[in-house]
Amino acid sequence: MGGAPAHGHPGPHDRRGSENLTTKPDALPITVRGVTKTYGRVRALDDVSLDVKSGEFLTLLGPSGSGKTTLLMVLAGFTRPDKGSLKFGEDEMIRTAPHLRGVGMVFQNYALFPHMTVAGNVGYPLRLRGTPKAEMADRIERALDLVQLGGYGKRGIEQLSGGQKQRVALARSIVFEPRILLMDEPLSALDKKLRDRMQIELRHLHEQLGMTTVYVTHDQREALTMSDRIAVVNHGRIMQLAAPQQLYDRPENKFVADFIGDSSFLPVTRNGAGVTFGDMAIRMDGAVPDADALLLMIRPERARLLNGETPDDTNIFEATVTELVYQGESYLLYARLKDGSEIAVRGAIREGTYQNLPRAGDTARLGLHRADTVVIAGEDA
Ligand code: ADP
Ligand code: MG
């Protein structure tokens, strides 16, 4: 008997322990060094170095065209970089053919064979590898169990929903017990509710199997939800690599601060160990980065609307409301400071609170506690 079932689904747990598909001991670290790939004048990857730890769930997060798929294709062996090195464990992989890399791969569009059954699709990598027939049925069923599709083997692909198709693709990617799992925007074709659920399920599956996983998405919330660490990619370069909370709370540059979550930015000036905004000394706990241009980053949910009070350890900004937006569970209030900068503040809406909020043209006092006050580099390195 295995561990706790994920969300109470009838699981594969009764089959665990005896053999395979519990690949934790075989998980491999990935070492990328100086990988560059150009297409004509486009630098899809620009001197990328990256360490993925053994058994880690690492996400490549970035806008469209930033180089995420290219990097994944280099890992899978479908793209040969112009230069650089790639190791799985101790082994150099750049010249190794894709099917010899021990890598499972899931694509956005499923890439299933429509004329084959579910079992035919899932068993495909086993047939490629010459797995004995007797072993195949059992391994296919185990992989289907793992993605909550036990008993679906005989169905045709076209009879399945989008979510089920993606589970089949996932089962196919893990059936041969890869040491490394690569996923390229696997959930982006699904609707939001299903995507949210699949994020949690994929995360549980990763906890069960423990294989080193590189996951690609352009969705920052998905990355925050699923990852051990996130590499934020832009223009073929890694802008920051950190755990989700670190990335959100302490982005190192404006690109990362802007791409993950919402924020307002105020230009500030270095003054001794701290900074000033205009003639106002900013109270803060964190360090000031070593950069010429500096910005004070304000997350809307960390700022708050003050009434008459003057709380301790809080930076207080006087502003004029430009817009109040109703968003159901919360409001978003935009306000302009004397220097022209704009700050957004988000607050929860509870019974009766919305009516009392200031409206466009009203003055407002906005508070930012020193613990939430973060100064970042203004220009991206
Ligand atoms: P992402 O997956 O982050 O959206 P890609 O890795 O697909 O980005 O693409 C990165 C850049 O490389 C883009 O500018 C893209 O147009 C270019 N690119 C990717 N693959 C090719 C290719 N096969 N031929 C030409 N340009 C390509
Ligand atoms: Mg892509």
Side-chain angles (χ1 to χ4, degrees), residues 30-52 56-86 93-95 97-98 101 103-112 162 165-166 169-170 172-173 178 180-192 195 198-199 202 212-227 229-242 244 247 251-261 380-381:
I30 302 172
T31 310
V32 179
R33 286 292 174 270
V35 164
T36 294
K37 176 71 189 175
T38 52
Y39 292 105
R41 268 189 285 164
V42 175
R43 265 178 188 256
L45 296 175
D46 186 2
D47 194 21
V48 170
S49 295
L50 172 69
D51 289 283
V52 188
E56 179 174 38
F57 194 117
L58 183 133
T59 296
L60 304 175
L61 171 67
S64 175
S66 57
K68 306 180 297 295
T69 294
T70 304
L71 182 52
L72 214 62
M73 288 298 153
V74 167
L75 299 181
F78 297 116
T79 295
R80 174 82 66 90
D82 306 334
K83 52 180 190 210
S85 103
L86 167 68
M93 284 288 140
I94 286 287
R95 289 172 197 288
R101 292 190 181 193
V103 163
M105 180 104 201
V106 184
F107 301 92
Q108 172 181 350
N109 57 4
Y110 321 132
L112 297 171
K165 284 179 188 166
Q166 194 49 278
L170 188 60
R172 182 179 61 182
S173 75
I180 289 168
L181 184 58
L182 306 177
M183 292 190 262
D184 194 354
E185 313 228 11
L187 305 183
S188 55
L190 307 178
D191 66 52
K192 183 173 181 329
R195 205 161 66 220
M198 286 292 286
Q199 286 168 7
L202 277 179
T212 309
T213 300
V214 181
Y215 188 95
V216 164
T217 184
H218 64 270
D219 178 338
Q220 46 104 6
R221 186 176 294 280
E222 185 164 299
L224 293 172
T225 301
M226 301 184 72
S227 319
R229 288 190 304 160
I230 300 170
V232 181
V233 185
N234 192 32
H235 296 312
R237 286 186 295 160
I238 294 178
M239 305 301 290
Q240 189 174 356
L241 171 60
L247 216 52
E252 281 171 5
N253 50 62
K254 183 162 185 240
F255 180 81
V256 173
D258 227 1
F259 196 72
I260 300 194
D380 293 334

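Atoms within each ligand, like the ligands themselves, are counted from 1 in listed order. Hydrogens, waters and symmetry mates play no part in the numbers below; they use all other heavy atoms, side chains included.
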query: Out of Thr31, Leu58, Val35, which residue meets the side-chain contact (heavy atoms from CB on, under 4.5 Å) rule with Leu50?
result: Leu58
query: Pick from Thr217, Thr69, Asn109: which one makes a side-chain hydrogen bond (donor to acceptor under 3.5 Å, both in side chains) with Asp184?
result: Thr69
task: Measure from atom 15 (C) of ligand 1 to the protein's non-hydrogen atoms and state whether any distance is below 4.0 Å.
output: no
message: So for Gly40, does at least one of its heavy atoms come nearer than 4.0 angstrom to any atom of ligand 1?
response: no
From Arg33 atom CZ to Lys83 atom NZ, the distance as rounded to the nearest 0.5 Å: 15.5 Å
- request: Without swapping roles, check the side chain of Gln166 against the backbone of Pro186 for a donor-acceptor pair under 3.5 Å.
  value: yes
Interfacing atoms of ligand 1 (cut-off 4.0 Å, heavy-atom, Pro63): 3 (O)
field: Heteroatom N/O/S of Ser64 within less than 2.8 Å of the Mg ion (ligand 2)
entry: no
query: Quick check: does Ala44 get an N/O under 3.5 Å from an N/O on ligand 1?
result: no
- request: If you have a sec, work out which protein heavy atom is nearest atom 10 (C) of ligand 1 and how many Å separate them, to one decimal?
  value: Gly65 O, 3.4 Å
Backbone of Thr38 reached by a side-chain donor or acceptor of Asp82 within 3.5 Å: yes
query: Would you say Gly67 has any N or O atom under 3.5 Å from an N or O of ligand 1, going by distance alone?
result: yes
task: Starting from atom 7 (O) of ligand 1, find the nearest protein heavy-atom neighbour and note its residue, name and distance.
output: Thr69 CB, 3.7 Å
query: Any side-chain heavy atom of Lys37 sitting closer than 4.5 Å to one from Arg80?
result: no
query: Between Thr70 and ligand 1, which residue portion shows a heavy-atom distance shorter than 4.0 Å: side chain, backbone, both, or neither?
result: both
query: Ser66 near ligand 1, heavy-atom distance under 4.0 Å?
result: yes
query: Does the Arg195 side chain pair with the main chain of Ala189, one donor and one acceptor, at a distance under 3.5 Å?
result: no
query: Does Asp47 offer a backbone N or O that forms a donor-acceptor pair with the side chain of Thr36 under 3.5 Å?
result: yes
task: Just need the protein heavy atom nearest to atom 17 (C) of ligand 1, so name the residue and atom and give the distance.
output: Tyr39 CD1, 4.0 Å
- prompt: Which residue holds the protein heavy atom closest to atom 3 (O) of ligand 1, what is that atom called, and what is the gap in Å?
  reply: Lys68 NZ, 2.8 Å
Where ligand 1 meets Ser64 - atom numbers and elements under 4.0 angstrom, heavy-atom basis: 4 (O)
- prompt: Do side-chain atoms of Arg43 reach the backbone of Gly236 as a donor and acceptor pair under 3.5 angstrom?
  reply: no
